[in-house]
Amino acid sequence: MDEQGEKLQDVDAALLAVDVMMRVAARSVLEVEDLVTSPQLRVLVAIATRGPQTLGEIAAELGVHASNATRTCEKLVQAGLITRSENRADRRFVHLTLTQEGTALVQRVIGHRRAALAEVLAAMEPRDRVTALHAFRAFAHAAGERPAADGRFGLVLPAIS
């Protein structure tokens with residue numbers, strides 16, 4: 001096999017592993033879909049990852065108009081997953097923070113992801129697992145080691161894990 005063919009095989013192998021990880025992430029979202037929508041989960045994860053957020057920051061994260069972000073966040077307030085408080089320094093800004101229930105929901109999603117991946121790793125031969133873990137660390141390092149912050153596919157939350 002030529003060098004280009006080997007590179008394509010490498011990419012295909014990586015894509016297969018990524019596909020498994022994305023299915024793990026998607027299943028964890030399905031677990032809470034009766035409680036929150038995907039955009040609402042992104043809001044919760046953004047707050048969990050970065051701390052209190054303003055409506056403007058949430059609108060930017062979701063790529064929507066501020067009024068859409070306000071509606072999304074209002075539903076989360078009504079569900080008891082976030083709280084809204086005025087910024088004492090500038091009352092025009094509202095800070096959004098997670099409630100205990102919101103934190104628990106995010107931890108549940110991430111916990112599901114971690115457990116599903118642990119199950120796959122446990123099913124591997126010990127030698128293959130060590131090789132895979134070494135490769136995962138090298139891959140993450142080469143990519144800059146920054147977890148996804150929007151919650152759709154992330155498996156790690158620095159503020160929670």
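For the atom pair CZ (Arg113) and OG (Ser28), the distance works out to 3.5 Å, reported to the nearest 0.5 Å. Interatomic distance, Thr103 OG1 to Arg108 CZ, rounded to the nearest 0.5 Å: 14.0 Å. The NE2 atom of His65 lies 9.5 Å from the CZ atom of Arg71; values are rounded to the nearest 0.5 Å. Separating the CG atom in Leu81 from the NZ atom in Lys75 is a distance of 13.5 Å, to the nearest 0.5 Å. Separating the CD atom in Gln100 from the CD atom in Gln107 is a distance of 10.5 Å, to the nearest 0.5 Å. The structure places OG1 of Thr70 at 4.5 Å from CG of Leu55, a figure rounded to the nearest 0.5 Å.
Contact between Leu35 and Gln40 at its shortest, heavy atoms only, is O-OE1, 4.3 Å. Contact detail for Ala66 and Ala59: the closest heavy-atom pair is CA-CB, 4.0 Å. Nearest heavy-atom pair, Arg50 versus Gln53, reported as atom, atom and distance to 0.1 Å: CB-NE2, 3.3 Å. Taking all atoms of both residues into account, the shortest heavy-atom contact from Ile82 to Cys73 is CD1-O, 3.6 Å.
Proximity of Leu105 to Leu41: side-chain heavy atoms (C-beta onward) are separated by under 4.5 Å at one or more points. The shortest distance between side-chain heavy atoms of Val36 and Leu44 falls below 4.5 Å. Side-chain contact between His134 and Thr131 is absent, with no heavy atoms from C-beta onward closer than 4.5 Å.
Val77 and Leu62 fall within a single hydrophobic cluster, where Ile, Leu, Val, Met, Phe, Trp and Tyr side chains are chained together by heavy-atom contacts under 4.5 Å. A single hydrophobic cluster is seen to contain both Phe136 and Val24, as judged by linkage of ILVMFWY side chains at heavy-atom distances under 4.5 Å, directly or through other members. Under a hydrophobic clustering in which Ile, Leu, Val, Met, Phe, Trp and Tyr are joined whenever their side-chain heavy atoms come within less than 4.5 Å, directly or via other members, Met21 and Met124 fall into the same cluster.
Checked by atom type and distance alone, the side chain of Arg42 pairs as donor or acceptor with a backbone atom of Glu61 at under 3.5 Å. Judged purely by atom type and a 3.5 angstrom limit, Arg129 uses its side chain to pair as donor or acceptor with the backbone of Leu121.
Glu74 and Arg84 are joined by a salt bridge, as a carboxylate oxygen and a charged side-chain nitrogen come within less than 4.0 angstrom of each other.
Side-chain heavy-atom separations under 4.5 angstrom define the hydrophobic clusters, and Leu30 shares its cluster with no other residue.
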* Residues Glu31, Val109; criterion side-chain contact (heavy atoms from CB on, under 4.5 Å); working and verdict -> CA-CA 8 Å; Glu31 183 180 313; Val109 169; over 6 Å; no

* Derivation of the side-chain contact (heavy atoms from CB on, under 4.5 Å) call for Thr72 and Ile58 -> CA-CA 9 Å; Thr72 299; Ile58 293 300; 5.9 Å; no

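Thr83 and Thr99 are not linked by any side-chain donor-acceptor pair at a separation below 3.5 angstrom, with hydrogens and angles left out of the test.
Within a 6.0 Å radius of CD in Gln78, other residues, nucleotides and ligands contribute more than 12 heavy atoms.
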